[in-house]
There are 2 protein chains.
Amino acid sequence: MLTIGTLSKKTGTKVQTIRYYEQIGLMPEPGRSEGGQRRYDNAQLDRLSFIRHSRQLGFSLDAIRELLDLSDHPNRPCDEADAIARRQLKQVEQRMARLKALRTELKRMVHECSGGRIADCRVLEVLRDHSECLTEHDEIGA
Amino acid sequence: MLTIGTLSKKTGTKVQTIRYYEQIGLMPEPGRSEGGQRRYDNAQLDRLSFIRHSRQLGFSLDAIRELLDLSDHPNRPCDEADAIARRQLKQVEQRMARLKALRTELKRMVHECSGGRIADCRVLEVLRDHSECLTEHDEIGA
DNA sequence: CTTGAACCTCTAGCTGCTAGAGGATGTATC
DNA sequence: GATACATCCTCTAGCAGCTAGAGGTTCAAG
């Protein structure tokens, strides 16, 4: 029987976060001690590890919910899990492409700045005028 | 004199977002029509363009506040603006590195999935067991 | 003078947590 | 049994950066 603190340490998840996962139904309600404190077992430890690892790979809580759902039905075909992972991969690739364009632009800005007065600052100048950009970038909402 | 809707279209910013920027003090309070509707001039259009473009390049609203502040004092040296941009560049590079590791892992997951049953799904298996990962990834909070 | 799009304010919601108040429990030691 | 103190509990509110909706007013065209 594990306390929430132990679970927290074992998975690198903050105590508050574990309770939050319970609140939104991602973690099941655990058993309680006589005094009302949460007590976990190994199945719940595994579940939380799964969640955390998925988060590290960038999956949204909704996607994780689906994945957990799927893993509860071992006899179904795994196309869905595969599709979720592919979607995630696609998102990551899109984000990388955007970041690449941003990096190019930022590098250019920084390199062109010669360290004079604000009035002549290339950084501000570029920010002022999108038309100076050589790449298409569109990070907002990424 | 521009209405908020016109400003919205010209900058690709939602009306609500413009009002939000005003609320947090990033945009100045504009003049008003007799009936109390907001009326903007070209200086404000420029300011909003600056904000939007900076957002597209991933600057935080706080960073933008600093940058706007700087650009109001054209005679100061531009080290600060330069430093902000460099900081941003560094962040972008860190995020790219993280995404790269994620992509590797996701690709591997997806490629190893042979499309059978959930029980044998590599995607879920990898998510279950971090130790199978070949790269260090740590996307949370990125 | 009427219509209808665009405006107004205000409040609440989104993701994924995180922090703090104010109090109860659990365990080790005396 | 008493005491100390870490850990636990619930509840509420906050973070970034918007976005959406209710319920009502103004503006410009016809």
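A note on names: the letters A, B, ... follow the listed sequences, proteins ahead of strands, and every chain is numbered from 1.
- With rounding to whole Å, A/L7 atom CG is found 11 Å from D/dC9 atom P.
- Between B/T13 and B/I18, the shortest heavy-atom distance links the atoms CG2-CG1, 3.8 Å.
- Closest of all the heavy-atom pairs between B/S33 and B/R39 is CB-NH1, 3.6 Å.
- The two residues B/L57 and A/E105 have their closest heavy-atom pair at CD2-CB, 3.8 Å.
- We find that CE of B/M1 is positioned 13 Å from P of D/dA28, with the value rounded to whole Å.
- When DNA chain C is scanned in the 5' to 3' direction for atoms under 4.0 Å from non-hydrogen atoms of chain B, the outermost contacting nucleotides are C/dC7 to C/dT9.
- Position along DNA chain C of the nearest nucleotide to B/T3 versus A/R19 favours B/T3 as the more 5'-ward residue.
- Among D/dT19, D/dC8, D/dC18, the nucleotide with an atom closest to any side-chain atom of B/K14 is D/dT19.
- At a cut-off of 3.5 Å, with distance as the only test, no side-chain donor of B/R47 or B/Y40 sits close to an acceptor on the other residue.
- Atom pair B/I4:CD1 and D/dT25:C1' shows a separation of 15 Å (rounding to whole Å applied).
- Taking every side-chain heavy atom of B/S33 into account, D/dC27 is the closest of D/dC8, D/dC27, D/dG17.
- The CD atom of B/Q56 sits 15 Å away from the C1' atom of D/dC18 (whole-angstrom rounding).
- Taking atom CD on B/Q37 and atom C1' on D/dT25, their separation rounds to 8 Å, with Å as the unit.
- Counting any heavy atom pair closer than 4.0 Å across all strands shown, B/R65 reaches no nucleic acid atom.
- Put simply, CD on B/Q91 is 14 Å from P on D/dA16, counting in whole angstrom units.
- Nearer the 5' end of DNA chain C, as judged by each residue's closest nucleotide, is the contact made by B/R39, out of A/Y20 and B/R39.
- More than 12 non-hydrogen atoms from other residues, nucleotides or ligands lie less than 6.0 angstrom from CD of A/E66.
- Counting non-hydrogen atoms under 4.0 angstrom, A/I24 reaches nothing in the nucleic acid.
- A/E132 CD: more than 12 foreign heavy atoms inside a 6.0 Å radius.
- If you check every strand for non-hydrogen atoms under 4.0 Å, B/R38 touches sugar and phosphate atoms only.
- Taking atom CD of A/Q23 as the reference point, atom C1' of D/dC9 lies 14 Å away to the nearest angstrom.
- For B/M27 and D/dG17, the CE to C1' distance is 16 Å, given to the nearest whole Å.
- The closest side-chain heavy-atom distance from A/R117 to B/R76 is not below 4.5 Å.
- Positionally, the nearest nucleotide of DNA chain D for B/R52 lies more toward the 5' end than for the other of B/R52 and B/E34.
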